[in-house]
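What follows is a short report on a single structure.
Residue numbers begin at 1 in each chain, while the letters A, B, ... track the order of the sequences. As the structure is a prediction and not an experimental result, all values here were calculated from the model.
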2 protein chains.
Amino acid sequence: MQQAIDILKTNNLSITDSRTKILAAFLKKNYALAYSDMEKKFKDIFDRATIYRTLSTFIEKGIIHSIPTSDNISMYALCKNECTEHHHHDEHVHFICNDCGETTCLDKITIPKVKLPKGYKAADVKMIVSGQCEQCN
Amino acid sequence: MQQAIDILKTNNLSITDSRTKILAAFLKKNYALAYSDMEKKFKDIFDRATIYRTLSTFIEKGIIHSIPTSDNISMYALCKNECTEHHHHDEHVHFICNDCGETTCLDKITIPKVKLPKGYKAADVKMIVSGQCEQCN
DNA sequence: GTAACTGCAAAATATTTGCATCCTT
DNA sequence: AAGGATGCAAATATTTTGCAGTTAC
């Protein structure tokens, strides 16, 4: 909880109940959370709108990033230290387990460089691997 | 148009107006289309539900595949010949242009293999590069 | 003729917004 | 005290579903 508060302070965000608790939820898990997970957890304490607004605030500040999934469900995960506002560096591989459904950030695995056709300029690269995770294999 | 009909026949799908026209739209473009593009184009001729159902049918049959985007908008693109039902092989890189917004399949660029942590088994890999495309650079 | 496909309407789900009130600083 | 954050309600967007009528083969 203190860690969450520290992160909020670092990002010049006021310390509110929803921000602290939602951020703490991310800190506790090492995998990505969907909005629906938030809703399940916080429905009774916080309003939908507050949860959505808190998530967008975190994304703007570079505290979390969104992970594109093939079924187009918004998933969010903590950014690592290198992320700053308007400048994300989540250039690691994301893994989605088809069995348990958990989305994990494989922080250690860097995305290999690809050579694009000439004329193309890359600004950001995302890589999503799906299959079976450690526990489910 | 004839090409669309042939593809439908190959996949044992009955030839209907919506399937033919929607598939033809994909064949005409070499970039990915969002549902909203379909809607703009076909709103007056086909029902929403028909468009959605047609797209799911195409995905099931391996005619098109969905591309995960960071803003979680469903994008669809034609699968190449190697795709068959329940067994997609769209292991190429997708490119999203931040300027013109077009999503292109870079068929020629294969996704490099990554070494996953032990215990993880990959079934499918997706790679999305965003930046500036040929025309916008 | 029959099974599959479509349109329509409604439901379910997901996300956003305005505004009055409350809380953080 | 002042500005930002929240809750509530409603609006908007997105996707799915049941069912009756229509069409492809």
Requested in this report: Decide yes or no for A:Thr104 and A:Cys97: does some side-chain heavy atom of the first lie under 4.5 Å from some side-chain heavy atom of the second?
Outcome: no
Query - Between P of C:dT15 and OH of A:Tyr35, the distance in whole Å - result: 8 Å
Report summary line: Testing C:dT15, C:dA9, D:dT6 for proximity to the side chain of A:Arg48, the answer is C:dT15
Requested in this report: Apply side chain to side chain donor-acceptor pair (under 3.5 Å) to B:Arg19 and B:Ser14, showing your working.
Outcome: CA-CA 9 Å; B:Arg19 287 180 181 165; B:Ser14 52; 3.2 Å; yes
Query raised in the report: To the nearest angstrom, how far is B:Met38 atom CE from D:dT15 atom C1'?
Result: 16 Å
Report summary line: To the nearest angstrom, the CG-P distance between B:Asp44 and C:dG7 comes to 12 Å
Query raised in the report: Is the A:Phe26 to A:Tyr76 ring centre distance short of 6.0 Å?
Result: no
Requested in this report: Give the rounded distance in Å between these two atoms: CZ of B:Phe58 and P of C:dC5.
Outcome: 11 Å
**Report entry** Residue-phosphate contact under 4.0 Å: B:Tyr52 side-chain N/O, D:dT16 OP1/OP2
**Finding:** no
Requested in this report: May I ask you to decide if B:Ile7's main-chain N or O and B:Asn11's side chain share a donor-acceptor pair within less than 3.5 Å?
Outcome: yes
**Report entry** Distance, nearest 0.5 Å, that separates NE2 of B:His94 from OG of B:Ser130
**Finding:** 13.5 Å
Query raised in the report: Looking at DNA chain D, which of residues 12-22 of chain B put a heavy atom within less than 4.0 Å of it?
Result: B:Ser14, B:Ile15
Query raised in the report: Any donor-acceptor pair under 3.5 Å joining the side chain of A:Arg53 to the base of D:dG7?
Result: yes
Requested in this report: Using atom OH of A:Tyr76 as one end and atom C1' of C:dA14 as the other, report the distance to the nearest whole Å.
Outcome: 10 Å
Query raised in the report: Reckon A:Ile51 touches a base, only the sugar-phosphate, or nothing at all at heavy-atom distances under 4.0 Å?
Result: nothing
Query - Integer-rounded Å distance: D:dA5 P and A:Leu8 CG - result: 11 Å
Query raised in the report: Is A:Ile45 touching bases, backbone alone, or none of the nucleic acid, heavy atoms closer than 4.0 Å?
Result: sugar-phosphate
Report task. May I ask you to check whether over 12 heavy atoms, not counting those of B:Glu39, lie within 6.0 Å of atom CD? Result -> yes
Requested in this report: Measure from CZ on B:Phe46 to P on D:dT22 and round the result to the nearest Å.
Outcome: 18 Å
Query raised in the report: What class does the angle between the rings of B:Tyr120 and A:Phe95 fall in, given that below 30° is parallel, 30 to 60° is tilted and above 60° is perpendicular?
Result: perpendicular
**Report entry** Rounded interatomic separation in angstrom, taking NZ from A:Lys43 and P from C:dT15
**Finding:** 13 Å
